[in-house]
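Nothing here was measured: the structure is a model prediction, and the numbers come from that model. Proteins come first, then strands; the chains are lettered A, B, ... in the order of their sequence lines, and each starts at number 1. Every heavy atom of this structure was used, including side-chain atoms; hydrogens, water molecules and symmetry mates were not.
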2 protein chains.
Amino acid sequence: MARRRQAVTIKHVAQDAGVSLQTVSRVINNEPNVRPAMKERIQASIDKLGYVPSIAAQRMSGSRSYLILAINDRERTIADWRARQGSDWIDQMLLGGMLKCAEHGYRMIFELVDTHNDHVERELGATIAALQPDGVILTPPHSDNPLIAGLLAKHGIPFARIGSRGTGAGFALTMGDETSAYEATRHLIDLGHSRIGFITGSDEYSLSEWRHQGYVRAMTEAGLDPQTWCAEGDFSYASGAAAARRLLAMADRPTAIIASNDQMTLAALDTATQAGLAVPADLSLVCFDNTPVTRFTNPQLTAVDQPIAATFSRAVELLLDRDAAAPKAPVDVPGELIVRGSTAPPAARPSG
Amino acid sequence: MARRRQAVTIKHVAQDAGVSLQTVSRVINNEPNVRPAMKERIQASIDKLGYVPSIAAQRMSGSRSYLILAINDRERTIADWRARQGSDWIDQMLLGGMLKCAEHGYRMIFELVDTHNDHVERELGATIAALQPDGVILTPPHSDNPLIAGLLAKHGIPFARIGSRGTGAGFALTMGDETSAYEATRHLIDLGHSRIGFITGSDEYSLSEWRHQGYVRAMTEAGLDPQTWCAEGDFSYASGAAAARRLLAMADRPTAIIASNDQMTLAALDTATQAGLAVPADLSLVCFDNTPVTRFTNPQLTAVDQPIAATFSRAVELLLDRDAAAPKAPVDVPGELIVRGSTAPPAARPSG
DNA sequence: GTGAAAGCGCTAACAA
DNA sequence: TTGTTAGCGCTTTCAC
């Protein structure tokens with residue numbers, strides 16, 4: 001208890017099994033060239049003594065650190081935590097990433113980094129020097145930051161870029177945005193809608209554009225006008241409300257609206273209600289991002305599920321598979337449309 | 001880039017500043033016995049080279065690991081993540097704990113542990129051996145687990161027990177449950193209620209009892225009956241619904257109900273609505289735990305805020321303050337009553 | 001106040 | 001297939 005040292009070290013195991021340190025090390029790391037009998041004997045000693053390698057020592061001797069670092073935007077994350085609006089990005093990241101790491105004996109550690117900061121490099125560089133992670137996961141809006149990519153590449157650390165299609169160092173993963181937007185639009189078209197509105201997200205995020213593209217594709221394919229009912233938003237409630245007001249004031253107002261995130265959908269719902277429109281009877285609504293709030297509105301919102309957990313899980317897998325080469329093309333993890341109560345056939349035509 | 005090594009080590013700094021490794025180490029660790037001029041010169045080299053100590057090496061040489069480990073219940077945490085109901089315990093833990101750690105150059109790492117498992121000790125023992133954290137934070141229901149406390153004490157690792165009043169190794173912190181329950185009850189009494197219902201939580205959690213005690217104290221103090229309108233629940237929605245049904249079926253039904261968590265409050269709200277009672281006109285409702293969902297009901301719920309972030313922040317502070325002795329008595333971080341739309345004077349009497 | 005030596009627990013490289 | 005040696009980057013002795 002005095003000065004804290006490892007209780008059971010590789011030495012104890014070696015001694016107990018009557019072999020050299022190196023052989024024990026081989027067993028720990030599942031390396032070849034150990035006779036089964038020997039391996040078994042050593043494993044028995046390990047179990048008996050309850051030995052667990054110190055990751056600090058492993059890292060020190062030039063091996064792996066068993067740490068995966070995930071980077072999130074500081075400002076946005078803290079704002080979400082403080083707001084307590086039920087945004088669960090971090091939770092889903094943990095659900096997918098942390099659990100997958102655990103399966104491989106890894107830990108996921110995450111840091112908040114300021115993108116709009118000129119010393120991102122220093123900040124992140126310090127973390128890397130201190131932790132020496134075996135892999136890094138970048139999330140928007142860091143995913144396409146060339147400074148970060150350059151730094152990571154320089155250090156030779158494999159990294160994943162979530163929500164990116166960019167090429168260059170590391171590998172990219174997307175969350176089915178284009179396809180999901182296409183499907184959400186199709187869902188409305190199949191229901192009989194033809195005047196379908198779309199509220200875009202902030203163009204600081206590439207996925208805003210992808211979502212828009214999916215909408216345009218579905219509309220065009222169905223011979224519908226993909227421009228008239230398109231309104232700009234920036235992911236904020238206020239921008240969503242403004243966009244919805246504009247859309248609903250049109251002579252030829254849309255009978256359905258797809259909004260690029262939950263806050264804007266909420267805003268559209270409130271705006272419609274205030275305008276005396278019932279959802280979904282007078283207006284159908286599709287929400288992007290299946291966040292908790294979609295379950296608490298009245299009616300519950302039909303939403304596009306963003307596969308956050310699955311994507312992080314996949315990113316970790318790719319990072320840890322040292323044999324496979326990093327994917328060249330962006331890996332697309334498909335999203336899913338969750339149909340709830342906010343979508344129905346348009347009122348104007350027989351709904352039966 | 002080949003075999004990954006530290007880019008800038010203490011050696012480089014020592015060489016650059018023209019001093020011994022030891023002196024640099026003293027500066028890094030803010031130790032005495034370094035002349036100011038010397039310190040400045042070394043600091044300049046550190047800044048110039050962008051040196052950051054490797055925590056692996058620091059830990060190796062018997063110093064600190066700069067890691068704080070937080071332990072949460074595996075089953076409950078994963079269930080919450082999967083449910084996506086907006087439970088934000090982990091987020092608030094991170095907000096308070098992780099940010100406070102960062103202030104001190106520490107990282108917070110967290111693990112999910114199975115309490116209802118006979119090898120908790122082995123599981124946690126392995127994590128401790130691998131990570132060698134400088135401190136551990138236990139959350140319910142681990143906080144009062146004697147196996148865990150024993151293990152930690154044996155290793156000489158300081159630890160905090162959140163949501164506990166138990167004595168023994170480590171130190172305890174509570175989140176103002178008794179006082180908050182008292183205040184919530186007072187709030188209703190002040191509003192003019194006298195038949196106030198209370199739905200208890202699972203007795204696997206000590207805080208259920210504390211909350212109940214606060215209610216009893218306020219009722220008794222006001223000369224009201226603290227027994228008649230008390231119903232048992234276990235934190236689940238189903239149990240809350242059953243309890244609410246029982247309460248509302250009474251001839252002398254309560255005009256207000258306090259439920260020991262958000263799910264049970266939701267259940268009470270739904271039950272009341274189904275019974276044709278308006279909230280708050282016919283029934284006032286107070287929610288324990290100011291989780292996101294309290295903002296999404298109609299009306300929004302008057303709720304007791306559980307100071308999760310503040311408590312974790314405090315726990316980290318206490319863990320890292322190596323000079324101060326660990327607190328003897330439980331540290332109570334006060335909660336707060338957030339008044340929203342679900343409480344009002346009872347209908348029976350003039351409400352003006 | 002500063003420096004030199006030893007060693008933490010482990011693995012890479014080499015030798016046997 | 002196994003063992004030996006050296007060293008990772010840092011902090012602890014202890015000497016000056």
Taking OP1 and OP2 of dC10(C), is either one under 4.0 Å from a side-chain nitrogen or oxygen of Tyr66(A)?
no
Ile28(B) CD1 to dG9(D) P: how many Å, rounded?
13 Å
Nearest to the side chain of Gln6(A) - dG7(C), dC10(C), dT12(D)?
dC10(C)
Can you check the Ile55(A) CD1 to dG9(C) C1' distance for me, whole Å?
13 Å
Using a 4.0 Å cut-off on heavy atoms, which residues in residues 39-47 of chain B reach DNA chain D? List them by number, or say none.
none
On DNA chain C, compare the nucleotides closest to Arg35(B) and Ala57(A); which residue's is nearer the 5' end?
Arg35(B)
Test side-chain contact (heavy atoms from CB on, under 4.5 Å) applied to Thr127(B) - qualifying residues, sequence neighbours left out:
Arg107(A), Leu69(B), Glu111(B), Leu131(B)
Would you give the length of the straight line joining atom CZ of Arg82(B) to atom CG of Leu95(A), rounded to the nearest 0.5 angstrom?
5.5 Å
Looking at dT11(C), I'd like to know if its phosphate oxygens (OP1 or OP2) sit under 4.0 Å from a side-chain N or O belonging to Ser25(A).
yes
Could you tell me how far apart Met60(A) (CE) and dA12(C) (P) are, to the nearest whole angstrom?
13 Å
Name the pairs: protein N/O against N/O of nucleotides 3-6 of chain C, kept only if under 3.5 Å.
from, atom 1, to, atom 2, distance (Å)
dG3(C), OP2, Ser20(B), N, 3.2
dG3(C), OP2, Ser20(B), OG, 3.1
dG3(C), OP2, Thr23(B), OG1, 2.5
dG3(C), O6, Arg26(B), NH2, 2.8

With ring pair (Phe, Tyr, Trp, His ring centres under 6.0 Å) as the rule and sequence neighbours excluded, what pairs involving residues 30-66 of chain B come up?
Tyr66(B)-Tyr106(B)
Of the listed dT11(D), dC10(C), dT2(D), the closest approach to the Thr9(A) side chain comes from dC10(C)
Which residues pass the salt bridge (charged side-chain N to carboxylate O under 4.0 Å, His left out) test with Arg41(A), not counting sequence neighbours?
none
One should read off an interatomic distance between Ile109(A) CD1 and Phe110(B) CZ, to the nearest 0.5 angstrom, of 11.5 Å
For the residue pair Arg59(A) and Ile55(A), establish whether any side-chain heavy-atom pair is separated by less than 4.5 Å.
no
Salt bridge check, Glu121(B) against Lys154(B): does any charged N sit closer than 4.0 Å to a carboxylate O?
no
Rounded to whole Å, the NZ-P distance (Lys11(A) to dC10(C)) equals 10 Å
So Pro53(B), base contact, sugar-phosphate only, or nothing? Heavy-atom distance under 4.0 Å.
sugar-phosphate
To the nearest Å, how far apart are Glu31(A) CD and dA12(C) P?
6 Å
Is any side-chain nitrogen or oxygen of Asn33(B) closer than 4.0 Å to OP1 or OP2 of dT2(C)?
no
Selection residues 14-27 of chain B - residue pairs positive for salt bridge (Lys or Arg N to Asp or Glu O under 4.0 Å), sequence neighbours left out
Asp16(B)-Lys48(B)
Any idea which of dT11(C), dT11(D), dC10(C) is nearest the Ile10(B) side chain?
dT11(D)
For atom CD of Gln15(A) and atom P of dG9(C), their distance in whole Å:
14 Å
Main-chain N/O of Pro307(A) paired with Gln92(A) side-chain donor or acceptor, under 3.5 Å
no
Between His12(A) (NE2) and dC8(C) (P), how many Å, whole number?
10 Å
Expressed in angstrom and rounded to an integer, what is the separation of Gln132(A) atom CD from dC8(D) atom C1'?
10 Å
Within the 4.5 Å heavy-atom criterion, are Asn30(B) and Lys39(B) side-chain neighbours or not?
yes
